[in-house]
Amino acid sequence: MVKPAQWLKYYLSDTQTRLVLMLTIFVSLIILAVGLTSYYTSKSVLQSELSEPQHQSLRIGMNYIDKYIQDTNYIAIKVALQSNVYNFLTMQEQNSYSNINQLYQFLETLLGNSPYIESIYIYDRARESFVGYPQGFSSRAVTFADSDWVDVAERFGDKLMLVSSRVVAASGNNPASNKVTLFRKILIQGQFKGIVAVNFKSDPLFNNMNPEYVSGLNRMQFILGKEGEPIYSAGKGTIEISTVRKALQQLNGEPFGDFVQNGKRLLVSHARSPVTEWDYVSFVPQDNLLAKSTSIRNVVIAVSFIALVFGGIGIFYTHSVAFKPVRRMRKMLTTYGQDEVSPDLIDLEKITGKLLKDHEKLAGLVRQTMPEASSKFLHDMFAGNMKSNREISEKWKSYFPEWSDVPLTVAVISIDRYSEWAKGFPEKDHLLLKYALANIASELLSTGWRNVCVDLGRDQTAVLLQPIAGTAQPLQEKLTETVMIIRRLLNFSVSVGYSEPHAEAGKLKLAIYEADNALSYRLYRGYGSVISYEAVSEHEMSDTFANEAIIDDLTSSIETGIEERAQRILERILHDIREDYWYPSEALSFLDTVTAKLNRITRGKEPGVWEEPDVDRSYRTMDLHDIGNILTEQTKSLAERFGDLIQSKEFIMVQNMIDYMKEHLGENVGVQEISASIGISVSLASQIFKQETNETIHEYFTKLRIERAAELLLETNSKISDIAQMVGYQHENSFIRVFRKYKDITPGKYRELIRNHDATFNSLNS
């Protein structure tokens, strides 16, 4: 009896049988591939159709919340710039009834006009006092009901605004709760004096996050803060916050994707807010949607298996019946000296001849593709894709059979001012120009050096070099000649850094690091330089160099409009870098930090503050002189803009009008006299004053008079009628009516109330 192993060996020993088997397997694989492709295509289409509305819905909710937060930020800015807030943070006697009362009314008005703000606090950092609505004034943090958030001052950094979720401890009848709060710096003359804290009402803020059924699908929504803390969740489900974080990590920045939880497949949609940097996440179950696609996939797998079975049957039939003539032909070919030649032998000879010709063509193709294979080998070496010395050695012998054991050198050719170069030529010509650069370099170096060029992307091309026996010209001279010819032929300049010679192919990755390090010294040596690693390897940098403080001085000078001082600081930075001969990596990193600061100033004072700039300001392919010119121009432009803002004509006019009002509080003057004091018409003066102060001239003048009257009521014992005369009112009744309008109290009651309050306060503290 024939054993199965012997039977299988017998059938597979025939070439034709193996061919049929391969065809059968190939057809089965095609069927399987088509089925799986259909499955994953339908899955992708369903996911796309489902994910797009989910993602759009998520972004709509996010945009509503971002708009509320931006509107609230503008309210916080308005609070920070309000005159009573300035008085609260700077006046000696902080508990002035007039100032506190006006500030309280101002906050009450803001809350009344905003449906999504719950409360507003103003915190004085120096005196640790608060004033807020509806809490009121508190001179100490311990007496203010909600003061645990003051340590947020340490988290601002360079930012002016933060949005954070926090836990408010229980107090009185109020249980502990979660609040979303917007914090805004209050800067006075460049100093961090206080904080505006605006607390949101949770329901109005998150009202537009709609977790209800969409297209019959139950979804769950979450919002995570910048540090991954939970801020909001809605929908029916049992997804933990740790699972949400894991899903975000798996998405890796993609807008949507698959996620499996407890055996259930979920579609995850994700969006990140550019305003708060919160992560918005939505989960939708998709197992039911993919049920039919899964069934189709299973059917196709079954069909593929059936095809294999039928293929096996076909092999048996073919081997038994169809290949009998072929077996007889094989016997004839193995019989030597036979008188008659079968006609089929001629056909086999033709096939054999064709196979030999195909082999010759294939060998030629291999010879043509050998340079590309060599370049691919070097690219893998430089990228660290090959770590085994054995693999490196075997491939080196295969791809570089003509190369000797002479040490190898790597040169890196870099296009100078790459960003400018990329803008100067159409994008479709970039690859062509780099190809021409590599060809010119390879042709010029081939006279004395074996070489292979590798495109490293962007501005860099690497060249592997090995000197040919008898080469007399030094590599430095040859590379310098190459740089000059490339500039003449292609009309742009390049710089070159090259490594020390290395005896082993396994050291090529180290060699390219050396070449790249040498190339970085283009920062000091300028464009068109040829720099060896040997020339810079001994460079050491001093331990002391410029720090963030000098950058802060630079930005401070710019924001105060002192152009000359800003330019001197920038010149000092560039001088220190050059004179102290920093490592290029340290210098470029520091200059990138300076540029980032300047860009932040630019974005912070122009429209689009929430947008990330699409600007590539990498200085890696530039020299220090050009970088200095760019920074000088940017510094000059920013300083001039801030200087113009501070010294604007309209600002000076308004200040002159205010000074005139203060000098004539007790006189019978009106808008006409005030506008005439600066030599412009009443209509133009009113327009400019309203634009700069957001108040009319009459309103502002009346407030000055009432504030002066309040001071006289407290500081003197003069009669009400005399005080009315002192602040420009001829009739006592008119003065009382206007005073009550602004203070909600008559002058006499105001004097009595404030003096009694002060007396009580003094007695309690004595």
- Item | Interatomic spacing from CG in Leu665 to OH in Tyr729 - rounded to 0.5 Å | 10.0 Å
- Task: Just jot down the salt bridge (charged side-chain N to carboxylate O under 4.0 Å, His left out) partners of Glu118, sequence neighbours excluded, or say none.
- Result: Lys179
- Query: salt bridge (charged side-chain N to carboxylate O under 4.0 Å, His left out) with Lys67: which residues, sequence neighbours excluded?
  - Reply: Asp71
- Note on the structure: By side chain to side chain donor-acceptor pair (under 3.5 Å), Lys703 pairs with (sequence neighbours left out) Glu695
- Query: In chain order, what residues pass the side chain to side chain donor-acceptor pair (under 3.5 Å) check against Arg572, with sequence neighbours excluded?
  - Reply: none
- Applying side-chain contact (heavy atoms from CB on, under 4.5 Å) to Asn87 and not counting sequence neighbours gives Asn84, Met91, Asn99
- Do the numbers put Lys185 on top of the ring of Phe192, so that NZ or CZ is under 6.0 Å from the six-membered ring centre and no more than 45° off the axis? yes
Check residues 667-682 and write down every donor-acceptor pair under 3.5 Å in which the side-chain atom is one partner and the other belongs to a residue at least two apart or another chain.
unit_1	atom_1	unit_2	atom_2	d
Glu673	OE1	Gly670	N	2.8
Ser675	OG	Val671	O	3.1
Ser675	OG	Gln672	O	2.9
Ser677	OG	Ile674	O	2.5
Ser681	OG	Ser683	OG	3.3
Ser681	OG	Leu684	N	3.2

- Residues that Tyr123 engages under side chain to side chain donor-acceptor pair (under 3.5 Å), provided they are two or more places apart: none
- Taken in chain and number order and not counting sequence neighbours, the residues that satisfy side-chain contact (heavy atoms from CB on, under 4.5 Å) with Gln725 are Gln730
- Item | Sequence neighbours excluded - salt bridge (charged side-chain N to carboxylate O under 4.0 Å, His left out) pairs with any residue from residues 130-150 | Asp146-Arg166
- Rounded to the nearest 0.5 Å, what separation is found between the NZ atom of Lys719 and the CG atom of Asn717? 12.5 Å
- Item | side chain to side chain donor-acceptor pair (under 3.5 Å) partners of Asp66, counting only residues at least two apart | Ser273
- Task: Kindly indicate whether a cation-pi arrangement holds for Arg272 with Tyr280, taking the cut-offs as under 6.0 Å to the six-membered ring centre and within 45° of the axis.
- Result: no
- Message: Check this for me, if you would: do Arg708 and Glu711 make a salt bridge, where the nitrogen-to-carboxylate-oxygen distance has to be below 4.0 angstrom?
- Response: yes
Contacts under 3.5 angstrom, residues 151-158 side chains, donor-acceptor by atom type, not counting sequence neighbours:
unit_1	atom_1	unit_2	atom_2	d
Arg155	NH2	Ser164	OG	3.4
Asp158	OD1	Lys597	NZ	3.3
Asp158	OD2	Lys597	NZ	2.6

- Message: Please list all pairs meeting side-chain hydrogen bond (donor to acceptor under 3.5 Å, both in side chains) that have one or both residues in residues 732-748, counting only residues at least two apart or in different chains.
- Response: Ser98-Lys743, Gln105-Asp744, Glu707-Lys743
- Message: Can you tell whether the side chains of Asp659 and Lys662 come within less than 4.0 Å, N to carboxylate O?
- Response: no
